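Computed from a prediction, not measured in an experiment: that's the story for all the values here.
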Amino acid sequence: MRGSVQLPAGARWWEVLIEWGTVFLVVFAPLAFGAVETWAWSILVAGCLVLAVAERCHRRSLPEASGSGPPRQLARYILLAFGILFVFEPLLQLVPLPAFWIDALRPSQSLGGRSAVLTAWEVGRSWETISLYPALTASEAVKLAAYALLFGTLVNYRPASGSRQAFVTRLSTAVIVTGFAVSVIGILQKYSWQGKIYGLRSIRFGTPFGPFVNRNHFAGFIIMVIPLALGMLLSHPARWSVGEGHGFKDRLARSDPRRLRLAVMIFLMAVARLLSLSRGGIAAGLIGVVFFIVLARRYRLLSARKAGMVLAGAIILLAAVLVYFGPGPLVQRFEAAVAGKGDKDVRATLWGDTVRIYRDFPVLGTGLGTFPRIYPHYKSFIWKIPYTHAENDYLQAAAELGAWGWVSLAGFFLAFFWLVLAWKPGRREGAVPDSGHPPSGGWKISRRALVAGGSAGVLALLLQSAVSFNFSIPANALLLVVLLALTAGRVSRR
């Protein structure tokens, strides 16, 4: 019940389905090998569809006086951009168009004839699709439509029988606990590796860490979780003091044990990120933490002295971890990158080949999800690993979606960070006030902490995606959408 409005009996059941269904998705996706297999991402797609229907039914079941209305206009603009990028263009790529229209969109053909990459369905027909492989595009379009539905669900959802802050806290807690769990799995697996993930699933290619086949994708997931966990930690600063003693031991004895548990979880996730030896993940994660500290200072979550202490403490602890476990492998990885050894030259060649694809299909691309079938016609090197992605999400988006998709992608994220940086929280939207006593009840992530942690996680993943393909990993893409929706939903409402 909210105010004097009696809620229908069905409304509460819709809320339970939405809230716990979302928690299930964010927990299931990373544990199911990153949800890269067909059975796993099919469950995600079905779940997103169910949540979207449930949110719509929940909204229709509420009386108008309940105050559960749509978000403000800025969030709607972001949702519109999301739809244009991830739904409309892939659908357009699947629509049969006159062949001469398609030719006008492909000014050059460096493949020795377009028939080298056309599907059998298109050869000899007067109508063609923009996508060279419609079946692949349709499969990826289904995933992106599901992400769009989840984004709309989380932005629009306003529980009437409870607070949205409580829902966001439960969801954030589920994300943090899941990040901690996959980190522990990764650490244990690193020192007991027998060639199988969970001791059950063998892999042919890749460098697995935890349930992820590729260590870079594990790092991409964790660098989104750590800033959110830091935001949760700062939502409840230890400002209280009870009794006569004010020494360190007295304060530690009276402090909330949940703070210590959360700090240990953050530390172990940071350790796992280092042990994964993902260079892009480590670099992007550090930048994300610095961005979080900057926003925390701006939102008055941290004083200048405490911000310096947090950064110095993180550096000291991570240095201690490197000394204990041995810095050799990590140092060698970065030295190889600087010296141009290992996969640096391979990636540079791969990116150059991807640029050639974009030049041949500059406007609307080759079709979403078609890179694995198109790239062999452009490959300029021989490598034992079959590259199915460009190792750069932005170049691959340009090749598959053309200028329209790339500009839409850039515009969406620029609009998101404009909302975050332009947001000015009110005085009452900070952390728990200094009341002299521990906060009663359960923890709740504050609005400022959510915006700082969520946007820092988004930035970290976007940076790492310049040297990886996180957008193609359903678990990472799903968590990215969740952080975008929760953050945008908070900064676009008063």
Side-chain angles (χ1 to χ4, degrees), residues 48 52 69-92 141 143-158 164 168 220 223-224 227-228 231 284 287-288 291-292 294-295 298-299 363-365 368 392-398 400-426 429 447-466 470-471 476-494:
C48 292
R72 295 187 182 276
Q73 198 65 25
L74 287 176
R76 288 190 174 188
Y77 290 153
I78 297 179
L79 180 60
L80 178 61
F82 191 95
I84 292 175
L85 173 62
F86 293 107
V87 178
F88 183 73
E89 186 181 1
L91 293 178
L92 179 61
K143 297 179 189 177
L144 296 180
Y147 300 149
L149 290 175
L150 179 63
F151 182 87
T153 298
L154 295 180
V155 168
N156 286 291
Y157 176 61
R158 294 295 180 272
R164 178 175 170 85
V168 172
I223 62 179
M224 288 188 287
L228 187 65
I287 296 175
F291 183 75
F292 171 82
V294 171
L295 285 185
R298 181 176 182 179
Y299 297 158
V363 181
L364 295 176
L368 184 65
N392 184 311
D393 278 325
Y394 310 108
L395 288 179
Q396 184 166 333
E400 294 183 347
L401 300 174
W404 181 358
W406 197 92
V407 171
S408 299
L409 180 68
F412 172 75
F413 286 116
L414 286 175
F416 171 79
F417 283 105
W418 176 80
L419 285 172
V420 170
L421 296 176
W423 181 58
K424 296 180 179 179
E429 294 171 350
R447 189 175 182 182
R448 298 182 187 188
L450 174 64
V451 174
S455 59
V458 170
L459 176 64
L461 186 78
L462 295 183
L463 292 175
Q464 199 217 5
S465 294
N470 287 298
F471 295 169
N476 291 5
L478 184 84
L479 182 55
L480 176 65
V481 170
V482 169
L483 294 182
L484 287 168
L486 295 182
T487 305
R490 300 308 290 163
V491 299
S492 60
R493 294 178 67 88
R494 293 180 183 175

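- Of all heavy-atom pairs between Ala397 and Leu409, the closest is CB-CD2, 4.3 Å.
- Atoms CG and OH, on Leu484 and Tyr147 in that order, are 12.5 Å from each other to the nearest 0.5 Å.
- Classified by interplanar angle (parallel below 30°, tilted 30° to 60°, perpendicular above 60°), the ring pair Phe413/Phe471 is parallel.
- Note that the CZ atom of Phe151 and the CG atom of Leu486 stand 9.5 Å from one another [nearest 0.5 Å].
- Side-chain contact between Cys48 and Thr153 is absent, with no heavy-atom pair separated by less than 4.5 Å.
- Between Leu450 and Arg490, the shortest heavy-atom distance links the atoms CD2-CG, 3.4 Å.
- Here the closest non-hydrogen pair linking Gly454 and Thr487 is CA-OG1, 3.6 Å.
- At distances below 3.5 Å, at least one donor-acceptor pair connects side-chain atoms of Arg164 with backbone N or O atoms of Tyr157.
- Between Asn470 atom CG and Leu462 atom CG the span is 9.5 Å, to the nearest 0.5 Å.
- Taking all atoms of both residues into account, the shortest heavy-atom contact from Ala460 to Ala284 is O-CB, 3.3 Å.
- Put simply, the side chain of Val458 does not reach to within 4.5 Å of the side chain of Val420, judged on heavy atoms.
- Remark: Ile287 CD1 to Gln464 CD distance equals 11.0 Å, nearest 0.5 Å.
- Between the Glu89 side chain and the Gly405 main chain, a donor and an acceptor come within less than 3.5 Å of each other.
- Between atom CD1 of residue Ile223 and atom CG of residue Leu463 there is a gap of 8.0 Å, rounded to the nearest 0.5 Å.
- Taking 4.5 Å as the limit, every side-chain heavy atom of Trp418 sits out of range of all side-chain heavy atoms of Val491.
- The CG atom of Leu149 lies 11.0 Å from the CG atom of Leu154; values are rounded to the nearest 0.5 Å.
- The shortest side-chain heavy-atom distance between Val168 and Arg447 does not fall under the 4.5 Å cut-off.
- Here the closest heavy-atom approach between residue Tyr394 and residue Ala466 is recorded as CE1-N, 3.8 Å.
- Counting heavy atoms from C-beta outward, Arg298 and Trp423 have side chains that stay 4.5 Å or more apart.
- Using a 4.5 Å cut-off on side-chain heavy atoms (C-beta onward), Pro227 and Phe291 make no contact.
- Considering every non-hydrogen atom in both Ala488 and Phe416, the closest pair reads N-CE1, 4.2 Å.
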